[in-house]
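Here is how names work: the chains are called A, B, and so on, in the same order as the sequence lines, proteins then strands, and each is numbered from 1.
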There are 4 protein chains.
Amino acid sequence: MSINSFGRLFRVTTWGESHGPGLGATVDGCPPGVAIDEAQIQQWLDKRKPGQNKYTTQRREADEVKILSGTFEGVTTGTPVQLMIENTDQRSKDYGDIKDKFRPGHADITYYQKYGVRDYRGGGRSSARETASRVAAGGLARAALNTLAPGIEIKGYMTRMGAHEIDRDRFDAAEIDQNPFWVPDAQAAEDWAAYLDGLRKSGSSVGAVIEVVASGVPAGLGAPVYGKLDTDLAAAMMSINAVKGVEIGEGMSAAMLTGELNADEIFMGADGPEYSSNHAGGILGGISTGQDVVVRFAVKPTSSILTTRRTITKSGEETEIITKGRHDPCVGIRAVPVGEAMMACVLLDHLLLHRGQIGENQGHIG
Amino acid sequence: MSINSFGRLFRVTTWGESHGPGLGATVDGCPPGVAIDEAQIQQWLDKRKPGQNKYTTQRREADEVKILSGTFEGVTTGTPVQLMIENTDQRSKDYGDIKDKFRPGHADITYYQKYGVRDYRGGGRSSARETASRVAAGGLARAALNTLAPGIEIKGYMTRMGAHEIDRDRFDAAEIDQNPFWVPDAQAAEDWAAYLDGLRKSGSSVGAVIEVVASGVPAGLGAPVYGKLDTDLAAAMMSINAVKGVEIGEGMSAAMLTGELNADEIFMGADGPEYSSNHAGGILGGISTGQDVVVRFAVKPTSSILTTRRTITKSGEETEIITKGRHDPCVGIRAVPVGEAMMACVLLDHLLLHRGQIGENQGHIG
Amino acid sequence: MSINSFGRLFRVTTWGESHGPGLGATVDGCPPGVAIDEAQIQQWLDKRKPGQNKYTTQRREADEVKILSGTFEGVTTGTPVQLMIENTDQRSKDYGDIKDKFRPGHADITYYQKYGVRDYRGGGRSSARETASRVAAGGLARAALNTLAPGIEIKGYMTRMGAHEIDRDRFDAAEIDQNPFWVPDAQAAEDWAAYLDGLRKSGSSVGAVIEVVASGVPAGLGAPVYGKLDTDLAAAMMSINAVKGVEIGEGMSAAMLTGELNADEIFMGADGPEYSSNHAGGILGGISTGQDVVVRFAVKPTSSILTTRRTITKSGEETEIITKGRHDPCVGIRAVPVGEAMMACVLLDHLLLHRGQIGENQGHIG
Amino acid sequence: MSINSFGRLFRVTTWGESHGPGLGATVDGCPPGVAIDEAQIQQWLDKRKPGQNKYTTQRREADEVKILSGTFEGVTTGTPVQLMIENTDQRSKDYGDIKDKFRPGHADITYYQKYGVRDYRGGGRSSARETASRVAAGGLARAALNTLAPGIEIKGYMTRMGAHEIDRDRFDAAEIDQNPFWVPDAQAAEDWAAYLDGLRKSGSSVGAVIEVVASGVPAGLGAPVYGKLDTDLAAAMMSINAVKGVEIGEGMSAAMLTGELNADEIFMGADGPEYSSNHAGGILGGISTGQDVVVRFAVKPTSSILTTRRTITKSGEETEIITKGRHDPCVGIRAVPVGEAMMACVLLDHLLLHRGQIGENQGHIG
């Protein structure tokens, strides 16, 4: 039931502060026999690493993961896996000014009101560095998925930065890994580069929308009503720092459609049922259909900007604050690998749950 | 961990099929001493009742709730409360035609693939009648909230029907209970009436957006990172039948804002911290700020429409299907009280969790 | 996480009071396709039924179970199953005297202190009638086990009544269903009959030890360290009303053994590993070995006896109490089918968990 | 739901292998503001440390705990606390001989059958070193208890070693910390010393019974039926390596009593209800009475003895095994601080649960 964990059979508990000795993830329930080593997990952290390009935080972190338990001779043992990443570049002094002030738009004030104790350095646990733990856990989930369900592929990318949206007609998956925005649209990559340069220099920030698609997902995952696959995906994405909205398939736009436009008709393909479209985002009644699972989430613009903001101190005095030090003009960029990691964890959890309650799909069509 | 339950301390497990003997909710963890009787819960079910106006399903249901356990001499005992609603108007014959066909856009096919058994009558458990159980549980949650946190008020209303959105400048809360759409805009109520008449006659359907606002919520609820208040609200709303998107505060639009526009500045009011705006929707870092908690969710148009659709049978033959019998041209209307019920359950759960882990808020400002 | 539920994948939440309209169990996670009807569950309730012989409570109850959800055309659908038993013979007036007094040895005082509300009629929820819900859930578990693991057999019996213990040399399983004590020793059945007659007439009561054995359990069930099979069995038995001790295999006696006497040596049989003895009770390191799983639990003597006891009232006045009305001279007798039901539920839960996390056993010997 | 965690609000997940880089505990849900540092936790580990006297394992371990997260300026922040203990003295070569053989009485064979992977070095995760993690978590629980419920005191001690039982008439609590057995009986300490010397030299082993008493526990903790305090204590103790039986109060002996002998009568004391005796062990109907909570558990003799035993290899060949290297003639001795740690964790969890669901006890007597 833990309040800082997610998942039911593949269960992840993250721990650690932005400026503590380190952070990590305790992963319980990973199936045994999954080949895994630090390099396999490291690749996903490297994708996330700050300082990677000029558009993301200028904090130089090794973000090196260590596996402290749960493996033996290169495979998982089925017992809890402890993944740990040491904090090496913390620059506490960058945060000394805000010790008694609450940064608007951040969890500083709410953490303080709730706990009466606040690790003000770098945002403590609410910091986006917590997501490094998730990416590490996602790396383990991916390795397990490769073993259990090798057909599953997961890809995340940005579809919007501020007012700029990609052109779906120009969608090119090959572009995703070719630009710093993981955007599947070469033209957008250019436009956004210029736009973000401007924002960075002016000390402002902008929001983003990230889409994560999982293909090769077998039909049948998800247990209605509250163990629905889309419910767990929504929770997983909403739990990412700074996320304010989550969509499955058509998402909020489904509200604007009529029944005729929204329904995905069914016909028979060579290997089983196929669908004329995918407005549903791969999930019907909370259960996967076998189509691409499509999830989108919106990340708000960071409130750590170089404009003076009104705020108060712990003692209730009104004051101003300006965030110096390292910040992200678009935190959404680094949320892409995090969204992929959450997709991996949720899918693996549901594969195990499905296997547990059902074994194999019971209903055959054709 | 149950897959058909939600909540951690105030835990609800719903059960029952659309065409079984009845349905209900087992509510565990309700605090003792809460005054409750069947009438108090019934009022919320009456709000939801089908056949209430010509815009919702023409199924005449008493939807009468009985309390089978957990109370004594008019108050809760602290032990599990069993709420049960008998099914009285089932018209199974309306569904005989679809016994072997899968209705596009419904969970028929995924349920069958997963379980190999499908109660085809009325959609079995995936039916929206399952939400009657939730509304009942929500009624109990509201009663507990009245005792524990009497300042909290919860109000839900529609903000969009298909292409029609309310005009926020005409927002009038008093209108909500005055029209069949629970829409806070008298003009919209008129326009939508005409629009929906047209849809009903043509046998089509349309989606909707519902907004639920909770005011008087104390600051400090929610436990980062995965026990966040917004994570639980997202899961709760996404779990409602036919929901495809969930938003908190600015929601998906937050992606389009810059940091300056999005941040809610903080100043000191008479009773404590106050905010210049509420883009955050009352939640920062997963913890409530004390501002209105604002959640929106999108309901897709029902796929039970009177247009012939392509589909397949259990044996894989291609065929067509047309849904006769009772249907909802806009299922979103009846999702309003369901959204309110989910808000009540989640807030109560978090009040108890907060009281359990923290006691009272530890940090005092001023 | 619910506080009134047990199990992780096969999850049971019981509800209902001794003198409410009824009681029951919500069972979530039962695999689909299990053939089940009311008669199959009823047989286990009939085994438990009060008024069955002159040694148990003289309360005439039909204890008729109804299945309200979760099945279709005679098999489980995979959705929550609601089992309900109506209360028909409540005789509230028998308990009117004790309205303000706390019966020593019962939960009256602790319930009152905790909840401030106490359903004094028949012990409310703490009453042993709650176990009817468990036996019903156990009936469903047994049906699922028959489908999933047909080799598993579960048998419970008494091994001790007060100072009287069975003679293991006279152990005869065929005797178990031939006497009112479910004791595998014909001589003991005779001796205990006379003994209990005396106790009943004098209005006294006595404790008991029940042993439950499951044979045909595959090796590999249980997940160290806290999801151990023996941990869950201990919790399950200790949760039965009036239980004060639980043992696995040698149990408390293991403390008196040396390593040589206690170890079960391993050799190779025709079908795999076999053991020279079973001091371990079929569980090593929390995982089943494939041997008989042997659990014992001790039930204290009921405190509802016809001797006057000192106690206090709600207002703190010292007084006396004598329990009239129906009571059980040996509640242990009816705990036998309850112990069997708990064994069935825990084994099924672990079979599903094992299938979920592992699939099939990964290590082959030979 | 995690299978390797326990607790509901104060939730502990342990991780780590006997011969991995380290082991630890992730503790989630600790209330904020609890003063804690490494020394406070270290004291409990030192109590447990191997090599402490000639009667326990001759493995020299620093067992130094580090706090990696969850604290700031000397107090808990309310976020997950990561406790880590490095493994420094592993002597893998001592275990090389048993790489392919299963040690009788150990989890070697069941782990292998289940997971197909076995970290044979030192028993992997099933090793008693896992309990160091628990003792560390217990240290944190004790610190929280000191803040939340300062009247609670927890004391564990041995009451039996093999055939030798303490004489309750000679019970002297002051003796507990004065001898290597934590036995409250000076005479027993002498007798057992001689006995154990003999066992150690002959390479044999013996079992033990440990009793843990918590005094100053408020009435009202525990939530019937499955969240009972005794259920959680039973599970907690049974989960300790090598435990085969658990008792509350009279325990298994309750079976031998009559109702008159077993019932604890109630009378009114200066500060509230008091009891004439404590056969119940401080728990009635699963809820604490305010009396001493008394739990006992039996530890079997270790199977790592210096007598040759019959066993098989992974390939199914029959062979013999003799355990060399470090071993414990009486593992029960070191289970004493582990039992205390489990008591602390369970009591804290229930204090938080109680505060969460109930707030304060609702029923006042007098």
Using 0.5 Å steps for rounding, measure from the [atom1] atom of [X] to the [atom2] atom of [Y].
| X | Y | atom1 | atom2 | value |
| --- | --- | --- | --- | --- |
| B:Leu221 | A:Lys114 | CG | NZ | 6.5 Å |
| B:Lys228 | A:Asn241 | NZ | CG | 5.5 Å |
| A:Thr231 | B:Met238 | OG1 | CE | 7.0 Å |

Name the member of B:Ala208, B:Ala234, B:Gly290, B:Ala163 that forms the most heavy-atom pairs with chain A at distances under 4.5 Å.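 Option with the top pair count is B:Ala208.
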Relative to chain A, which of B:Gly332, B:Gly105, B:Gly366, B:Gly272 shows the most heavy atom pairs under 4.5 Å?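 Most pairs with chain A among the choices: B:Gly366.
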Would you name the heavy atoms of [X] and [Y] that are closest together and state the gap between them?
| X | Y | value |
| --- | --- | --- |
| B:Ala107 | A:Gly285 | CB-CA, 3.6 Å |
| B:Lys244 | A:Ala254 | CB-CB, 4.2 Å |
| B:Val246 | A:Met252 | N-SD, 3.9 Å |

If you count heavy-atom pairs under 4.5 Å with chain B, which of [options] comes out on top?
| options | answer |
| --- | --- |
| A:Gly251, A:Ala242, A:Pro104 | A:Gly251 |
| A:Ile266, A:Ile248, A:Leu257 | A:Ile266 |
| A:Gly220, A:Gly281, A:Gly249, A:Gly162 | A:Gly162 |
| A:Pro273, A:Pro301, A:Ser288, A:Gly316 | A:Pro301 |
| A:Val295, A:Thr258, A:Leu261, A:Val206 | A:Thr258 |
| A:Gln362, A:Met268, A:Arg310, A:Met237 | A:Arg310 |

Check whether any side-chain heavy atom of [X] sits under 4.5 Å from a side-chain heavy atom of [Y], and report yes or no.
| X | Y | value |
| --- | --- | --- |
| A:Tyr115 | B:Gln357 | yes |
| B:Gln113 | A:Ile365 | yes |
| B:Met256 | A:Arg160 | yes |
| A:Leu284 | B:Ile109 | yes |

Pick one of side chain, backbone, both or neither for [X], based on which atoms fall under 4.5 Å of a heavy atom in chain A.
| X | result |
| --- | --- |
| B:Ile312 | both |
| B:Ser303 | side chain |
| B:Ala280 | both |
| B:His364 | backbone |
| B:Glu318 | side chain |
| B:Val299 | backbone |
| B:Asp230 | both |

Checking A:Tyr275 now: which residues fulfil ring-ring contact (aromatic ring centres under 6.0 Å, His included) with it, not counting sequence neighbours?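 Result, ring-ring contact (aromatic ring centres under 6.0 Å, His included) vs A:Tyr275: none returned.
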Ignoring hydrogens and angles, state whether a donor on the side chain of B:Glu265 or A:Thr311 is under 3.5 Å from an acceptor on the partner side chain.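 B:Glu265 vs A:Thr311: no donor-acceptor pair found between side chains.
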Residues forming a side-chain contact (heavy atoms from CB on, under 4.5 Å) with B:Thr313, sequence neighbours excluded: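 Expected list: B:Lys101, B:Ser315, B:Glu317, B:Thr319.
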